[in-house]
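Excluded from the calculations below are hydrogen atoms, water molecules and symmetry mates; all remaining heavy atoms, backbone and side chain alike, are included. A note on names: the letters A, B, ... follow the listed sequences, proteins ahead of strands, and every chain is numbered from 1. These figures come from a predicted structure and were not determined experimentally.
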Amino acid sequence: MEVNTRAGDDHQTGAQGCLRLCLRTTRRAPFMFCDRDEKGIPQFASVVSCRRKQPCQMSTKEKLISHVMKEEPVASANKVTVVGVGMVGMACAISVLLKDLCDELALVDVMEDKLKGEIMDLQHGSLFLKTHKIVADKDYSVTANSKLVVVTAGARQQEGESRLNLVQRNVNIFKFIIPNIVKHSPNCIILVVSNPVDILTYVAWKLSGFPRHRVIGSGTNLDSARFRHLMGEKLNIHPSSCHGWIIGEHGDSSVPVWSGVNVAGVSLQGLNPQMGTEGDSENWKAVHKEVVDGAYEVIRLKGYTSWAIGMSVANLVESILKNLHKVHPVSTLVQGMHGVKDEVFLSVPSVLGNSGLTDVIHMTLKPDEEKQLMSSADTLWGVQKELVL
Amino acid sequence: MSSVLQKLITPLASSPAEPPRNKVTVVGVGQVGMACAISILLRDLCDELALVDVMEDRLKGEMMDLQHGSLFLKTSKIVADKDYVVTANSRLVVVTAGVRQQEGESRLNLVQRNVNVFKVIIPQIVKYSPNCTLIVVSNPVDVLTYVTWKLSGLPKHRVIGSGTNLDSARFRYLMSERLGIHASSFNGWVLGEHGDTSVPVWSGANVAGVNFQSLNPDIGTDGDKEQWAATHKAVVDSAYEVIKLKGYTNWAIGLSVADLIESIVKNMSRVHPVSTMVKAAVVVADSLESEVGEMPDKERMWRKWLWNHNLVATSWDCGKGLLPFPGLHHHPGPQVGAEHQLHHQEGSAEVVLPEAARNLTCQRR
């Protein structure tokens with residue numbers, strides 16, 4: 001018994017491959033006929049008989065797979081964009097991929113060859129990853145509908161150069177990047193990594209026009225991680241069990257809050273009241289100095305830092321995308337806190353979730369710690385007000 | 001006045017520190033070595049990581065950079081030194097050291113340069129970790145795995161080359177892109193030499209058990225209208241392509257090595273296409289002989305047999321009259337380790353290797 005084809009269909013089954021497929025799907029005698037729906041997709045369920053006159057025209061893919069969804073596919077739910085594919089950007093990318101944090105990753109840069117090379121290299125590892133869509137382009141349209149955009153683009157600190165020297169160079173780069181990001185992902189959260197991060201987070205906030213909870217600087221998340229690592233080495237405990245917060249400016253004038261340093265809630269300053277002062281026989285102040293110098297040291301030895309900042313960023317991305325409400329020391333608007341009067345971004349312990357940076361923890365700071373924060377704020381404002389935005 | 005440490009912590013056991021159970025060493029802290037290191041760390045595969053290199057500043061910088069991230073990791077000890085003593089008691093040693101492929105340079109040209117480097121590295125590794133498993137990544141990987149095996153004196157099942165694990169991953173990615181599915185849902189194996197003459201085994205390519213060759217009997221041949229063979233060509237060319245664009249490849253090989261290490265450290269008994277000792281050549285020749293009687297040119301018949309069975313994609317012309325196999329004694333079979341203890345042809349490998357590397361000419365099929 002034969003079933004007529006729909007109008008416009010001139011396809012006739014009959015070549016060996018189709019024959020085998022027909023036999024396998026229906027186990028009937030070889031004279032099979034594929035019905036087709038309005039889109040021309042073969043309906044194997046309706047195979048009845050066939051007229052073998054010409055070789056089968058179906059591609060291997062069509063023989064293998066039937067597309068059954070009529071609507072457009074749903075857009076990615078957790079898309080992350082990384083702007084800048086230098087060492088820091090790629091370290092962030094690989095850390096985010098290895099932690100299975102996003103279902104789509106987009107990379108953007110101005111250097112097209114390097115960008116294409118990096119995207120191919122990551123895609124070749126797709127078998128080992130759980131991020132199916134990895135895309136890249138010079139054009140920002142590839143970043144559309146991102147939940148989170150990590151900005152690592154910008155000039156790199158040279159050996160011995162302070163972060164503040166990079167400012168104007170990076171502001172000019174941001175004037176191009178930020179509007180492009182906002183245009184394609186108007187509801188995203190921007191995470192700024194480029195240095196000097198506190199100033200550039202302010203710049204990104206101004207240029208984007210976003211509310212303050214959606215512009216975050218990676219801040220002293222990394223400094224605190226370095227501090228906890230060094231503390232862990234000193235005490236022979238894993239860093240995750242050593243608690244210590246470094247706040248304020250990411251860089252030379254960051255503030256270690258000694259009163260909060262503890263293991264299992266036991267305040268170390270309670271055990272050693274000299275901690276952090278010049279008179280401290282254990283010289284804990286040197287630990288903080290090592291944190292500040294750490295970046296310069298690594299830059300001197302290998303030319304740049306990448307792995308630590310990449311892991312730190314992935315840590316923040318995880319809290320945001322998984323809506324963890326974890327507390328991280330990240331750079332946010334501190335105007336009105338700790339005596340700061342200007343529109344300045346500094347790192348304070350903040351709650352991160354999928355809305356962004358929703359809450360800030362009030363730290364009880366000693367007078368000299370507050371003074372340090374205020375003087376950092378003054379320095380940063382001194383630089384910020386000279387900027388041409 | 002007792003220190004913070006003493007006031008805070010009361011030790012319960014005064015025994016010396018336990019040795020590491022899953023220590024991994026990475027030799028070479030170039031782009032490939034560091035990509036392997038970060039993949040291993042982010043997959044929580046080892047309890048101690050050691051890095052070794054000759055460039056001391058870079059080595060120290062990389063170690064510090066990784067240590068600064070230790071809050072986010074579950075590997076408590078990351079060490080590095082120029083001296084191989086830091087690698088002691090490793091369970092696995094990943095060798096990425098060596099000179100990098102230049103743009104347009106074929107992998108075989110790297111051989112002699114890398115052999116000299118390995119003569120320094122391998123004995124040191126084995127001295128401090130006599131029970132380790134070696135994974136060789138440096139190119140040309142098949143030849144250098146052989147070299148490592150000879151220099152280390154380790155049994156064959158403990159010297160593995162990363163081989164076509166990466167080529168297969170690339171193949172599965174590129175094929176699955178054409179089909180719109182995830183790479184892990186497309187099953188396909190690329191065997192043979194890691195590089196120009198790798199062999200895609202089309203007869204095994206399948207999705208959900210549906211065999212591609214039965215859907216398209218021409219697949220992989222020149223007569224194939226859909227040109228699926230172009231996908232395999234893209235696999236071969238992809239390394240050169242990425243090198244041309246960004247100067248080197250690292251992320252994919254790093255992920256591939258971490259995948260192998262995961263199988264080994266977690267004792268998963270997974271099947272990977274890696275570079276291992278293949279003595280099947282001799283068995284084939286023997287069976288050929290028994291089938292067809294005495295043959296004047298055993299090697300040529302053996303090659304033809306493999307050709308007919310689609311096990312090689314190139315014909316090699318090795319004027320030495322010895323086993324004319326790409327990578328010589330290293331044709332990867334689809335098994336990890338050497339459970340296949342086949343009859344070994346003594347002696348030929350040493351003679352064959354350096355000379356064959358010079359004399360090999362290969363023609364693409």
Visitor: To the nearest 0.5 Å, how far apart are CE in B:Met34 and CD1 in A:Ile94?
Guide: 12.5 Å
Visitor: Please find the pair of heavy atoms, one from A:Met90 and one from B:Trp251, that lie closest to each other, and give the distance.
Guide: CE-NE1, 3.3 Å
Visitor: Anything under 30° is parallel, anything over 60° is perpendicular, the rest tilted; go ahead and classify B:His182 against A:His132.
Guide: tilted
Visitor: Quick check for you: among B:Gln67, B:Met64, B:Glu241, which has the greatest number of heavy-atom pairs under 4.5 Å with chain A?
Guide: B:Gln67
Visitor: Kindly check if the number of other-residue, nucleotide or ligand heavy atoms within 6.0 Å of CZ (A:Arg300) is above 12?
Guide: yes
Visitor: Give, as side chain, backbone, both or neither, the part of B:Ser176 having an atom under 4.5 angstrom from any heavy atom of chain A.
Guide: neither
Visitor: Against chain B, label A:Ile65 side chain, backbone, both or neither, depending on which of its atoms sit under 4.5 Å from a heavy atom there.
Guide: side chain
Visitor: Let's test your reading of the structure: which of B:Leu179, B:Ile253, B:Val235, B:Ile219 forms the most heavy-atom pairs below 4.5 Å with chain A?
Guide: B:Leu179
Visitor: Counting only heavy atoms closer than 4.5 Å, note whether A:Ser224 contacts chain B via side chain, backbone, both or neither.
Guide: neither
Visitor: Can you tell me how far apart CE (B:Met63) and CG (A:Leu301) are? Round to the nearest 0.5 Å.
Guide: 9.0 Å
Visitor: With chain B, which of A:Lys114, A:Glu118, A:Lys116 has the greatest number of heavy-atom pairs at distances under 4.5 Å?
Guide: A:Glu118
Visitor: Does A:Met120 reach the side chain of B:Lys246, with side-chain heavy atoms less than 4.5 Å apart?
Guide: no
Visitor: Let me confirm one number: the CD1-CG distance from B:Ile40 to A:Leu98, rounded to the nearest 0.5 Å.
Guide: 11.0 Å
Visitor: Chain B heavy atoms under 4.5 Å from A:Met231: which part of the residue, side chain, backbone, both or neither?
Guide: neither
Visitor: Please give me the minimum heavy-atom distance between B:Leu5 and A:Glu282, naming the atom from each residue.
Guide: N-OE2, 4.4 Å
Visitor: With the side chain counted from C-beta on, respond yes when A:Ile237 and B:Ile9 share a heavy-atom pair under 4.5 Å apart, and no when they do not.
Guide: yes
Visitor: Could you report the tightest heavy-atom contact between B:Lys74 and A:His238, atom names first, then the distance?
Guide: CA-NE2, 4.5 Å
Visitor: Would you give the length of the straight line joining atom NZ of A:Lys61 to atom CG of B:Leu215, rounded to the nearest 0.5 angstrom?
Guide: 13.5 Å
Visitor: Top residue by heavy-atom pair count (under 4.5 Å) with chain A, among B:Ser76, B:Gly254, B:Ser184, B:Ser256?
Guide: B:Ser256
Visitor: Count the heavy-atom pairs under 4.5 Å between each of A:Ala91, A:Gly117, A:Cys242 and chain B, then report the option with the highest count.
Guide: A:Gly117
Visitor: For B:Arg172 and A:Leu127, which heavy atoms make the closest approach, and how far apart are they?
Guide: CZ-CD1, 3.6 Å
Visitor: At a 4.5 Å cut-off on heavy atoms, which part of A:Ser95 comes close to chain B: side chain, backbone, both, or neither?
Guide: both
Visitor: List the atom of A:Leu129, the atom of B:Arg43, and the distance in Å for their closest heavy-atom pair.
Guide: CD2-NH2, 4.3 Å
Visitor: Would you give the length of the straight line joining atom OG of B:Ser70 to atom CZ of A:Arg228, rounded to the nearest 0.5 angstrom?
Guide: 10.0 Å
Visitor: With a 4.5 Å cut-off on heavy-atom pairs, point out which of B:Thr249, B:Ile38, B:Leu66 contacts chain A the most.
Guide: B:Ile38
Visitor: Please determine, among B:Asp57, B:Leu42, B:Asp65, the option with the most heavy-atom pairs under 4.5 Å with chain A.
Guide: B:Asp65
Visitor: Looking at A:Asp293, I'd like to know if its CG atom is crowded, meaning that more than 12 non-hydrogen atoms belonging to other residues, nucleotides or ligands lie closer than 6.0 Å.
Guide: yes
Visitor: Do the side chains of A:Thr305 and B:His68 get nearer than 4.5 Å, heavy atoms only?
Guide: no
Visitor: What's the shortest heavy-atom distance between B:Gly69 and A:Met311, and which atoms?
Guide: CA-CE, 3.8 Å
Visitor: Does any backbone or side-chain atom of B:Leu73 lie under 4.5 Å from a heavy atom of chain A? Answer side chain, backbone, both or neither.
Guide: both
Visitor: Give, for atom CG of A:Asp121 and atom CG of B:Leu245, the distance between the pair rounded to the nearest 0.5 Å.
Guide: 10.5 Å
Visitor: B:Val4 vs A:Trp284, test: side-chain contact (heavy atoms from CB on, under 4.5 Å). Steps then yes/no.
Guide: CA-CA 10 Å; B:Val4 159; A:Trp284 280 89; 4.2 Å; yes
